[in-house]
J.: 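Sharing a structure below in C-alpha cells format, with a few things to ask.
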There are 4 protein chains.
Amino acid sequence: MTHRPDDAAEAGRRLRADARRNRARILAAAEEVFAEKGESASTEEVAARAGVAIGTVFRHFPTKRDLLAAIMKELRTRLVDEAAALSADAGPAAAFFDYFAFMVERAARVRTVLGLLAAEGMGAEPGDQIRDLEQVVGELLEAAQRAGAVRPDVALDEVMAILTATCQGALHGAWDDDLRRRTLGIVFDGLRPRA
Amino acid sequence: MTHRPDDAAEAGRRLRADARRNRARILAAAEEVFAEKGESASTEEVAARAGVAIGTVFRHFPTKRDLLAAIMKELRTRLVDEAAALSADAGPAAAFFDYFAFMVERAARVRTVLGLLAAEGMGAEPGDQIRDLEQVVGELLEAAQRAGAVRPDVALDEVMAILTATCQGALHGAWDDDLRRRTLGIVFDGLRPRA
Amino acid sequence: MTHRPDDAAEAGRRLRADARRNRARILAAAEEVFAEKGESASTEEVAARAGVAIGTVFRHFPTKRDLLAAIMKELRTRLVDEAAALSADAGPAAAFFDYFAFMVERAARVRTVLGLLAAEGMGAEPGDQIRDLEQVVGELLEAAQRAGAVRPDVALDEVMAILTATCQGALHGAWDDDLRRRTLGIVFDGLRPRA
Amino acid sequence: MTHRPDDAAEAGRRLRADARRNRARILAAAEEVFAEKGESASTEEVAARAGVAIGTVFRHFPTKRDLLAAIMKELRTRLVDEAAALSADAGPAAAFFDYFAFMVERAARVRTVLGLLAAEGMGAEPGDQIRDLEQVVGELLEAAQRAGAVRPDVALDEVMAILTATCQGALHGAWDDDLRRRTLGIVFDGLRPRA
DNA sequence: TATGAATGAGATTTCATTCAT
DNA sequence: AATGAATGAAATCTCATTCAT
C-alpha cells in the first residue's frame, strides 16, 4: 500500500542503491533546510535542495513529522558514534569536556540538535539503539568523576540539563567562537571540584 | 453624522477605553497561546482566546510579526521593572542571583521569554525604553562583583549568554523545580569566585 | 478557532447575509458538480462554479465530507417538505405513488439522491430533524395501505429498498421518461393488491 | 543475447505462464478492492493485494481504466456462462427468476457488477463476445414469457432497468438475505401475469 | 471601531504513470 | 517480464491578511 518506508531502511532491509542514495540526499537536505529556517520550512524546499521531486520525499517519509524524526535519529546516531572516538583518543577528563564542547559547537551550526536534545516526544524507541545519547554522556561523566575531573555530587540529569541549555543558547544566540569558549569556561568551572 | 455630538465624544472616549482593554486582552491571550504552541500558532486562535474577532487583532497589530514584537516588548518591560524591586529588597549579591533564578523560572513557563532574550531581530528599538534588559542585568552584575559575590573576570556578554541558555533549556527541557535548582547551583558555582 | 461552521447555520444562529448567500451558492454549486461528476469531483471546481474562492468553501464546510453531508441533509429536507405538499393535494393512494415517482424522477437528475437514500453513515443525527425521509414514506405507505391501494403485507423496509434501488437505477442507467414510466409501472404492479 | 537459447525459450514459456497467473491474480485482487472501496481505490492497493509490484499491474493494464474495463469483461463472461447452466438445469420460468435473483445476490457482494450493468461507456466491444449479458437475459425472458411465467407486455429494456436498479439497491443498501428475498418478491410479482 | 466572511497563496499529501534496475 | 523508486500534477486543507457590513 504505502511503500513500507524509512523504517525498512533503518531496519537494514534492502533498498535499491538509488533509493538509498536519495534517502541520504533527502536527509542531508532536510537537515540543512531545517537548520537554516526552523522546522516550519517547507517540505517542497527540502525536495528542491535534495534535487528530487516532492513525491520522492513523501515516499521515504510519509509525513513531515516522520522526516523530522528521521533527522533527529540520524543525528543522534552520529553524535553517539563520535563520542566513542573522543573517549578513545583522550583521557577521561578531556573526553568529557571535549564532548560537551563538541556538542555545543555543533549546536551553533545545526538547529536540529535542539530537537534532538529536547527529545520532543519524537519516538526515541528505547532499546532499538542500545547506546543512547544520554547513556553515552553518562559514561563519559562517570569516567571523568572517577578521574577527579568533575565534582562527585553532580548527577547526570543536571549535566544533560546544562548541556541542553548551552546548546540552545549557542544556537539561538549565535555566539561567536570566543564567546562560546568563555561561556563554556564558566560552566566547566561550575562542574569542576572546588580546590 | 452622529446625531448628538456630545454623545459622540463620550462614545469616542468609551471606545478608546474598550480599545485599550482589547489591546491588553489580545496581548495576554497571545502570550499564552504562543507560549503553549510556539509562534506557529494561528492568529485566529489568539483572537478566540482573547474573545475578540480576528479583525480586531489585526487592527491593533497589523501583522503577526508586530504582535510577536509587542509581546516581547511588554515582557521586557515587566522583567526590567521586577529587577528594580529585587535590588531594592535585597543586598547586591542576592539581587543578582535572585534575578537570574527568577528569569529562568519565568522561562520555564513562558516560551516567549526565549525570543526576548534571543532578540531575534524583532524591533528592540533601543532608546525608546531607556533601561534595557541587558543593561539591568549589567547593573546587577557590577554590583554583585563589587560585593565580591561574582568573579571579577566575568563579562556581561558571558552572563547574558548563560542566562539565555539556561532559560531556553528550562523551557524546552521542561525541568521540574528540583532539577532547576540543582542546575542553577552548578551554574552559580561557576560564576562565584574560587575560594 | 475554526469558524464554528455550517452547523451554526443549520442551528439557525445568525449568519451575515452575504455569508448565508454564499453558503447557499456553494451548496447549489456542489450539488450540481457532484451530480455531474460523482463525488470524486474536486472542491476547487465547486468553488469555481459557486464563484467564490476555495477558502470560502473551506470556511463553510471544513472538510469535503462535511460538504457532501450538508448536501444530503439539505436534499433530504427538501424532499421531505415536498412530501407534505403531495399528501395535501391528493388522496392517499395517489400521494404514495406520486411521491415514489417523484423521487425517482429527481434521482434521474441528481446523483446525490443516491447517497441520501443509501445514508452512507453520514451523520443522520436522528431527532434533530423530527420527520426523516423514511418516516415520511412510512406515513404515505400506511395511508395508501389503509385506502387499499397497496398490499397490506408490504413492509416499509421493502418499500425503501425498492425505492432506493429504482432511484439508483434511474440515475446510473440514464433512463428516458418513457422507460422510467414503464419500469415504475411494473414496480407499482408488484406493490398493488392482487385483484 | 541470452547465453543458452533453449533455456531462453523455456524461460519464455515459464514466464508466459507466470504472466498469465499474475494477470489472473491482479484481476481477482482488483475485483475485491474495487468492490470494497469503490473505483477510487488506489492501484497500489490492488498491487499489494495481488502480491505483485505496482509496475506489474501497469504492464498488464496500461491504465487504471483498462483494469476496470477488464474486470467488467471478466465478470460479464462469468455471469453469461452461469446463465447457461441455469437454463439447462431448470425450466424456463425458474431459469429467468433464478438468474435475476442470482445477479442481485452477486451485486450485494461485488460492487463492480454495477458498472457492468450500467455499461458506463467502458469498452463493451460488442461482437468480440458474441453473447452479451443483455442478450442472455433477453433469451431467458422470452422463454419465460412463452411459458406464461412473465407478462407478455414486458419489454427487455424494462427488465434490464429493473434488474440494474435492484442490483444497485442491493449493493448500496447492504440488504440482508431476508430483505433481498422480500424485495425480489415484490418485483417478481410485478413481472408475473395478473391472475 | 468591531466583526467575521472572503481571499488566495502556499503547505501537505495522494496517486496514476513512467522508467531505471 | 518483474520490480519498486521517482515523477509531478492535482487534491485537500491552512492561515495571514483584507474588506464589506
Side-chain angles (χ1 to χ4, degrees), chain A residues 1-5 14-23 40-45 47 51-65 67, chain B residues 11-12 14-16 18-19 22 40-48 52-65 67, chain C residues 1-5 14-23 40-45 47 51-65 67, chain D residues 11-12 14-19 22 40-47 52-65 67:
Chain A
M1 286 144 290
T2 5
H3 339 287
R4 72 200 95 102
R14 288 291 176 78
L15 268 187
R16 254 163 46 183
D18 55 339
R20 204 164 17 234
R21 193 160 47 245
N22 272 341
R23 188 178 196 279
S40 75
S42 90
T43 308
E44 200 119 18
E45 186 169 352
V52 300
I54 179 69
T56 304
V57 175
F58 172 75
R59 162 171 276 263
H60 286 282
F61 309 98
T63 280
K64 189 180 185 179
R65 186 176 187 75
L67 177 54
Chain B
R14 241 194 309 121
L15 281 177
R16 272 210 299 281
D18 277 19
N22 274 344
S40 76
S42 89
T43 312
E44 283 252 10
E45 191 168 346
V46 172
V52 301
I54 180 69
T56 305
V57 174
F58 275 86
R59 166 168 284 269
H60 286 281
F61 308 97
T63 278
K64 190 181 184 179
R65 186 175 187 77
L67 176 54
Chain C
M1 285 143 290
T2 7
H3 339 286
R4 70 198 96 105
R14 289 292 176 77
L15 266 189
R16 255 164 45 184
D18 54 339
R20 202 161 21 229
R21 193 160 46 246
N22 273 341
R23 188 179 196 278
S40 76
S42 90
T43 308
E44 200 119 18
E45 187 169 351
V52 301
I54 179 70
T56 303
V57 175
F58 171 75
R59 163 172 275 263
H60 286 282
F61 309 98
T63 280
K64 189 180 183 180
R65 186 177 186 75
L67 177 54
Chain D
R14 241 194 309 122
L15 280 176
R16 272 211 299 283
D18 278 17
N22 273 344
S40 77
S42 88
T43 312
E44 283 252 11
E45 192 170 344
V46 171
V52 301
I54 181 70
T56 305
V57 174
F58 276 86
R59 165 169 285 270
H60 287 282
F61 308 96
T63 277
K64 191 182 184 181
R65 186 174 187 77
L67 177 54

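First the proteins, then the strands, lettered A, B, ... as listed; each starts at 1. Only heavy atoms go into these numbers, but all of them, side chains included; no hydrogens, no water, no symmetry mates. The structure presented is a predicted model; accordingly, all values stated were derived computationally and were not measured.
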J.: Nearest-Å distance, CZ (D/Arg59) to C1' (E/dA16)?
T.: 17 Å

J.: So, does A/Thr56 get its side chain near the phosphate of F/dA5, meaning an N or O under 4.0 Å from OP1 or OP2?
T.: no

J.: CG/A/Asn22 to NE2/A/His60 distance, rounded to the nearest 0.5 angstrom?
T.: 5.5 Å

J.: Between the protein and nucleotides 10-12 of chain F, are there any N/O to N/O pairs under 3.5 Å, and if so, what are the atom names and distances?
T.:
residue	atom	partner	partner atom	Å
F/dT12	OP1	C/Thr43	OG1	3.2
F/dT12	OP1	C/Lys64	NZ	3.1
F/dT12	OP2	C/Thr43	N	3.1
F/dT12	OP2	C/Thr43	OG1	3.4

J.: Under a cut-off of 3.5 Å for both distances of each Watson-Crick or G-U pair, what dot-bracket string does DNA chain E give, using [ ] for crossing pairs and | for inter-strand pairs?
T.: .||||||||||||||||||||

J.: Whole angstrom is fine here: how far is it from CZ in D/Phe61 over to P in F/dA2?
T.: 12 Å

J.: So if I take every side-chain heavy atom of C/His60 and compare against F/dA6, E/dA6, F/dA1, which nucleotide ends up nearest?
T.: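 Of the candidates, E/dA6 comes closest.
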
J.: Roughly how many Å is it from CG in A/Asn22 to P in F/dA6, rounded to a whole number?
T.: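 Computing the A/Asn22:CG to F/dA6:P distance gives 4 Å.
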
J.: Could I get the full list of side chain to side chain contact (heavy atoms under 4.5 Å, CB included) partners for C/Glu44, not counting sequence neighbours?
T.: C/Ser42, C/Ile54

J.: Map D/Val52 and A/Val52 onto DNA chain F by nearest heavy atom, then report which one ends up closer to the 5' terminus.
T.: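 Counting from the 5' end, the first nearest nucleotide belongs to D/Val52.
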
J.: Is any side-chain heavy atom of B/Thr43 less than 4.5 Å from a side-chain heavy atom of B/Phe58?
T.: yes

J.: Would you tabulate the nitrogen or oxygen pairs shorter than 3.5 Å linking the protein to nucleotides 19-21 of chain E?
T.:
none

J.: Roughly how many Å is it from CZ in A/Arg65 to C1' in E/dT13, rounded to a whole number?
T.: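 Taking CZ of A/Arg65 and C1' of E/dT13, I get 17 Å after rounding.
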
